[in-house]
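Right, one structure below, let's go through it.
In listed order, ligands and their atoms are each counted from 1.
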Amino acid sequence: MIDIEEFGIHEGISEVIFTTISPDGIPNAAPMGLHRKGGRLFARIYNSKTLDNVLSKPTAAANITDDPVLFVQSALSDIEAGRFEYADGVPVLLNASGWVIFECKCKKGENVSVVELSPIKGKINQLKLQPVNRGFNAVIEALIHATRYVVFKEQKYLERIEYYDAIVKKCGGEREKDAMRLLYEQVEK
Ligand SMILES: Cc1cc2nc3c(=O)[nH]c(=O)nc-3n(C[C@H](O)[C@H](O)[C@H](O)COP(=O)(O)O)c2cc1C
């Protein structure tokens, strides 16, 4: 029995990277919000590779990481096969601080599906002190707007990205600045 609290998954929405596998065995990674509300654990997943994978094989891992570059890469491009390892056939990220594998029950919707999550296995690779860094948080906010920009191509999302970029420049470290460079490369494609 897994104590989800030990993985830092508290009430509210935790931003993690979901890893899943396609029917032909290709691993996929994408940031997702892991909702914990009133004793329930679930994700709200829009039509995407992650959803297709979970519908065909109903297991997913929530990878816990504070690497802003990994968030950007997994949101806007593909993660190479060599950066995954496998636990009971489920892909997990080699560089994650920890992960939890869930059994998934999907309630398919037209645009968004609700996926109920039951933890079956977890691993903690690394525990570290993590002071709040506004630069890291700003990368995550910018990235959410970037994932919308690549779909809708609306100017307002670029403006929001710029707002958060200023915070990254002020408060972020090299890793956060690298993540923003990568983000801009992907949205300007
Ligand atoms: C921090 C963060 C949280 C996200 N949370 C969700 C989410 O809860 N549900 C969702 O469908 N997409 C979410 N996204 C967007 C997906 O990660 C994005 O659409 C991704 O490209 C999907 O990739 P895939 O097609 O490989 O699954 C989030 C993005 C970020 C940056």
Side-chain angles (χ1 to χ4, degrees), residues 8-9 11-37 40-81 83-84 90-93 96-97 100 102 104 106-117 132-154 157-158 160-161 163-165 167-168 172 175-176 178-187 189:
I9 310 291
E11 191 83 1
I13 305 176
S14 302
E15 306 302 342
V16 298
I17 299 181
F18 262 44
T19 45
T20 54
I21 193 160
S22 74
D24 42 2
I26 299 168
N28 187 66
M32 293 285 150
L34 174 53
H35 299 239
R36 181 171 172 199
K37 288 192 178 146
R40 275 175 72 206
L41 280 171
F42 62 98
R44 298 182 75 252
I45 307 186
Y46 289 87
N47 297 335
S48 56
K49 273 192 222 163
T50 300
L51 183 65
D52 293 344
N53 289 352
V54 162
L55 288 169
S56 70
K57 182 176 195 270
T59 48
N63 295 264
I64 297 155
T65 177
D66 62 357
D67 181 356
V69 171
L70 197 48
F71 267 97
V72 173
Q73 288 171 331
S74 62
L76 301 176
S77 58
D78 288 331
I79 300 279
E80 315 89 80
R83 297 174 66 189
F84 294 89
V90 182
V92 297
L93 289 169
S97 301
V100 180
F102 295 99
C104 306
C106 295
K107 226 183 276 161
K108 178 87 178 75
E110 198 177 321
N111 296 315
V112 64
S113 299
V114 177
V115 179
E116 299 289 338
L117 302 165
V132 171
N133 180 277
R134 289 179 63 206
F136 173 80
N137 292 351
V139 172
I140 298 300
E141 295 302 327
L143 185 55
I144 288 174
H145 295 300
T147 59
R148 292 176 186 157
Y149 179 74
V150 295
V151 176
F152 302 111
K153 298 284 179 207
E154 287 176 38
Y157 295 120
L158 286 182
R160 289 172 194 172
I161 293 169
Y163 171 84
Y164 288 109
D165 187 43
I167 298 175
V168 176
R175 200 73 181 152
E176 284 76 25
D178 285 348
M180 283 309 289
R181 271 191 287 275
L182 202 61
L183 182 156
Y184 272 114
E185 268 171 39
Q186 296 293 330
V187 297
K189 258 188 185 169

Checklist entry - Tell me, which protein residue and heavy-atom name are nearest atom 26 (O) of ligand 1, and how many Å apart are they? => result Asn28 ND2, 2.9 Å

Checklist entry - Backbone, side chain, both or neither: what part of Lys49 comes under 4.0 angstrom of ligand 1, heavy atoms only? => result both

Checklist entry - Passes salt bridge (charged side-chain N to carboxylate O under 4.0 Å, His left out), Glu11 versus Lys37? Steps please. => result CA-CA 6 Å; Glu11 191 83 1; Lys37 288 192 178 146; over 6 Å; no

Next on the checklist: Please list, in number order, the atoms of ligand 1 under 4.0 Å from a heavy atom of Ala75.
Outcome noted: 20 (C), 21 (O)

Checklist entry - So is there a nitrogen or oxygen of Ile140 less than 3.5 Å from a nitrogen or oxygen in ligand 1? => result no

Checklist entry - What's the shortest distance from atom 23 (O) of ligand 1 to any protein heavy atom, and which residue and atom give it? => result Ala30 CB, 3.4 Å

Next on the checklist: Under 3.5 Å between any N/O of Ala29 and any N/O of ligand 1: does that happen in this structure?
Outcome noted: no

Item to check | Lys108/Leu55 under side chain to side chain contact (heavy atoms under 4.5 Å, CB included): CA gap, chis, key distance, verdict | outcome: CA-CA 9 Å; Lys108 178 87 178 75; Leu55 288 169; 3.7 Å; yes

Checklist outcome for this item: Taking only non-hydrogen atoms of Gly33 and a 4.0 Å limit, the atoms of ligand 1 in range are 5 (N), 6 (C), 7 (C), 8 (O)

Next on the checklist: Below 4.0 Å, non-hydrogen atoms only: which portion of Thr50 touches ligand 1? Side chain, backbone, both or neither.
Outcome noted: both

Checklist entry - Among protein heavy atoms, which sits nearest to atom 18 (C) of ligand 1, and what does the distance come to when rounded to 0.1 Å? => result Thr147 CG2, 4.1 Å

Checklist entry - If we only count N/O pairs under 3.5 Å, is Ser74 in contact with ligand 1? => result no

Next on the checklist: Give me the atom names and distance for the closest heavy-atom approach of Phe71 to Ile140.
Outcome noted: CG-CD1, 3.6 Å

Item to check | Nearest neighbour in protein (non-hydrogen) for atom 13 (C) of ligand 1 | outcome: Pro31 O, 3.6 Å

Checklist entry - Is the side chain of Arg36 donor-acceptor paired with the backbone N or O of Ile9 at a distance under 3.5 Å, no angle test? => result yes

Checklist entry - Looking at ligand 1, does any of its N/O atoms fall within less than 3.5 Å of an N/O of Glu15? => result no

Item to check | NZ/NE/NH1/NH2 to OD/OE distance under 4.0 Å, Lys49 and Asp78 | outcome: yes

Next on the checklist: I'd like to know if the side chain of Thr147 and the backbone of His145 have a donor-acceptor N/O pair within less than 3.5 Å.
Outcome noted: no

Checklist entry - Within the side chain of Asn28, is there an N or O that forms a donor-acceptor pair under 3.5 Å with the backbone of Thr20? => result no

Item to check | Lys NZ or Arg CZ of Arg160 over Tyr163 ring: under 6.0 Å, within 45° | outcome: no

Checklist entry - Do any N or O atoms from the side chain of Ser22 and from the backbone of Asn53 form a donor-acceptor pair under 3.5 angstrom? => result no

Next on the checklist: Quick check on contacts: which atoms of ligand 1 are under 4.0 angstrom from a heavy atom of Tyr46?
Outcome noted: 10 (C), 11 (O)

Checklist entry - For atom 9 (N) of ligand 1, which protein heavy atom lies nearest, and how many Å away is it? => result Arg44 O, 2.8 Å

